[in-house]
Structure formats: structure tokens, C-alpha cells
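Worksheet for the structure shown next.
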Amino acid sequence: MLASCFRRRLDLLTPGRRLVSTAANASASTSTRRKRVVFSGIQPTGIPHLGNYLGALSNWKRLQDEAAPEDVLIFSVVGWHALTMPQNPAELRQARASMMAVLLAMGLDPRRSVIFHQDHNPDHTELAWVFNCITPIGKLRRMTTWKSKLVTARNANDETEVDESLLHVGLFDYPVLQAADILAYKATHVPVGEDQQQHLELCRDIADSFNRTFKERSPLFPLPQHVFTPQKRILSLRDSSAKMSKSAPDPKSRILLTDTTSEISKKIAGAQTDSDPSVTYDPVSRPGLANLLTIFAACTETSPEDLARKYDGSSFAKLKKDAAEAVNAFLSGPRAEFAKLKDETGYLDEIARTGAEKARDISGKTMSEVRRRVGLA
Ligand code: TRP
């Protein structure tokens, strides 16, 4: 189980920005505040790197810690979405299990949040079918994600070169399944990055369209809101014109949750900077140095500007040494927890099983209402 000291450490390290009302201010406004249902999903892409960690994952943890007692939090590893791109089955199996371990290692608490595999709950695909029948093709055509995924997968230069004969129905339909993920739980709040905003707009459209088509005294679905999750843009350590990425060929360009202390130190020591010896935070003209300061700041709850002032006059070697120590201190708790959990398959399976049961309890109620409204029950 997660050692509570890690939890406390993460609490200290994550910035105190409120994404969801805290228990304290919720009780002050119980008359106006309604219960929130938070839902989010993550693709099983294997071991996360620092950019993933400082993005979606630490935001989920913060949402969990700041939620009011009556709020429901649901986090899912979305296996069915992974199938929309070609996968190696053995690797997917591994990545799917690792992602569950990662969520627990970084402090999501299965007693507080529902944590489960999307593919353990058939209500998602069933509801997606119902939504397919009320979603115009034209709306999906306007989504940009399938285009960019095809561009990356086929090595095309831009979206005008995308060959639609290679577009599978599943990838095209990805956002409808995502809407079903959210609405199966009647989620009211969805923390996702900016790149997912168009999917959330489609989800609201679908909810609205269902509510109008199958109108009864009250609408069935809420129109879920985007919870803005401040995403830190973490760049490749080797090429600051690109984001840190799992698929970049150079492993030294990224820091993984599983990297050892010495690997982290080496990667940071080799991080791209520039020849100006002063230390300033200037993401436009000094992106490599700014990236280093952003990473350092995110791990120590300071601002990159403050760090630049503090280190101006020091050598890059000193800055890198201290940054590496900070990253190590930040990752060491979750890394140790992940190392402990990753092979505890019995425990992980049990968490996934009970998570899916809780998820199905909620979504099953929605599906009964859906079936009745559309005339299938
Ligand atoms: N599409 C999301 C992504 O790629 C993952 C996702 C699937 C999701 N279903 C979701 C996110 C439902 C939020 C809500 O990051």
C-alpha cells in the first residue's frame, strides 16, 4: 500500500492551486454547491516521463486531495482508446498494467477515487454505440486529433497529406467513445489538457443532443465542464524545439519515472543550454535553459523566474546539479512506490477488479435509464 509519507511529501510539493473546492470551503457553501462527479482517462502508454507526470497525473492527485467529501472521483486507464492505433499486444498488456501501478504510486487512493480499466466496463462501448447513432459524421470530421494521429503514424508532412483510406472507423470514432466514458457516470467535471478541449465540446453536444432527442421531464445528462489543468510544457532535454516525448529516439531526451538517481543526474547534466553564461528565464530566446528552470521550479514549488534570479552568477554546472537533486527528491517517493507495486499483480488485479465494480454500479444506473429512454427497455 502507499506509504503515507509519500502522500504527505507529494502534498508539500504540489502547488496549492485549487482546482476543486476544498472540504472547508465546500461546507461553507453547501447550499449552492452541488456534488461534483469528476471523470478523466489516460491512455496506457507505459512508464510516464516527467512531462506526463507534471501534466495530467499530478493534477489528478491534486483534484483528489482537494475534493469536497461528497464529490465522486473516477479515473480510468482507457484500453479501448489505445486500440485505435496499432499496438503490439504484449507491450499493450504490460503498459496497461504499469499504468495502474503508476496511478497508485503517485498517490491516487483507491479508497477515495474509483480507479479502473475502461475495458473492464462494457457500459462504455454500449453507450458509445447509442451515441454513434445520434452523432453526425460532419462533427467528427472537424476533430483534429484523428488527422494529427494519422500524420504521425504515416510520417506525412501535414494534415493535407493524410490518406483517408488509412483511417479506421475506431480512430475516427475515438471522441464518441470518450463522450461515453464521461457521460456513463454523468460526470460534471473533466480535467483534461487543452488538446482535449474539442473532444469535451463534442461530448457536451452529444449530451445535449441526447437530452433533446429523448426528452422527458428532466434531461438525462449534465453538460460536463472542462477543469482547466495547468499543464507545464516540458521540452526534450536534447532538442528544445520539441516536447519531451516517449517516442523520441534519444532516451537521454526524457526523464522517466523509473530512472535511477544517477541516470537523472546524467540526463540533466547533458541537457541543452546555450553559450550565454548568465542565468535568465527566457523561454523564447533561451528555451533549453528555460526548460531546465521550469523543471527545477515544478519540483520545488518555486517559480522559474525566482530560480533564475537565485542562480544568476552561478555556473550551469551548479544549476544542473541542484536541479537534478530536486528532480530526484521529487520522483524518489513515487518511484520507490512504483518499484514496489509493479510486480504485485495480485494486489493490482484486486484494485482493478473492485474499481471496475464500483464503476459499473454507477454506469449501470445510467444505462438502465438510457435503454428505457431510447425504447430498448
Ligand atoms: N483522450 C484522452 C487523451 O488522449 C484520454 C481519454 C479517454 C479521456 N477518455 C477520456 C480523458 C475521458 C478525459 C475523459 O488524453
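In what follows, every heavy atom counts, from backbone to side chain, and hydrogens, waters and symmetry copies are set aside. Counting convention: from 1, in listed order, for ligands and their atoms alike. Residues take their numbers from the sequence shown, with the count starting at 1.
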Practice item. Kindly write out the residues that satisfy ring pair (Phe, Tyr, Trp, His ring centres under 6.0 Å) with F221, not counting sequence neighbours, or none if the list is empty. Key: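 Partners of F221 by the ring pair (Phe, Tyr, Trp, His ring centres under 6.0 Å) criterion, ordered by chain and then number, come out as F131, F210.
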Review point. Just one of I74, I362, V190, I182 clears the side-chain contact (heavy atoms from CB on, under 4.5 Å) bar with V37, so which one?
Key: I74
Check your understanding: Testing I42, L73, V38 for side-chain contact (heavy atoms from CB on, under 4.5 Å) with W60, which one passes?
Key -> I42
Point to revise | With Q196 via side-chain hydrogen bond (donor to acceptor under 3.5 Å, both in side chains) - residues at least two apart | key: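 Here the qualifying residues are Q178, H199.
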Check your understanding: Which residues satisfy the side-chain hydrogen bond (donor to acceptor under 3.5 Å, both in side chains) test with K147, sequence neighbours excluded?
Key -> none
Check your understanding: Under a 4.0 Å heavy-atom cut-off, which residues neighbour ligand 1?
Key ->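 Ligand 1 is contacted, at a heavy-atom distance under 4.0 Å, by F39, S40, G41, V78, H81, Y174, Q178, D181, I182, V190, V192, Q196.
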Review point. With a 3.5 Å cut-off and no angle check, do the side chains of Q198 and T144 form a donor-acceptor pair?
Key: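 Yes, side-chain donor-acceptor contact under 3.5 Å.
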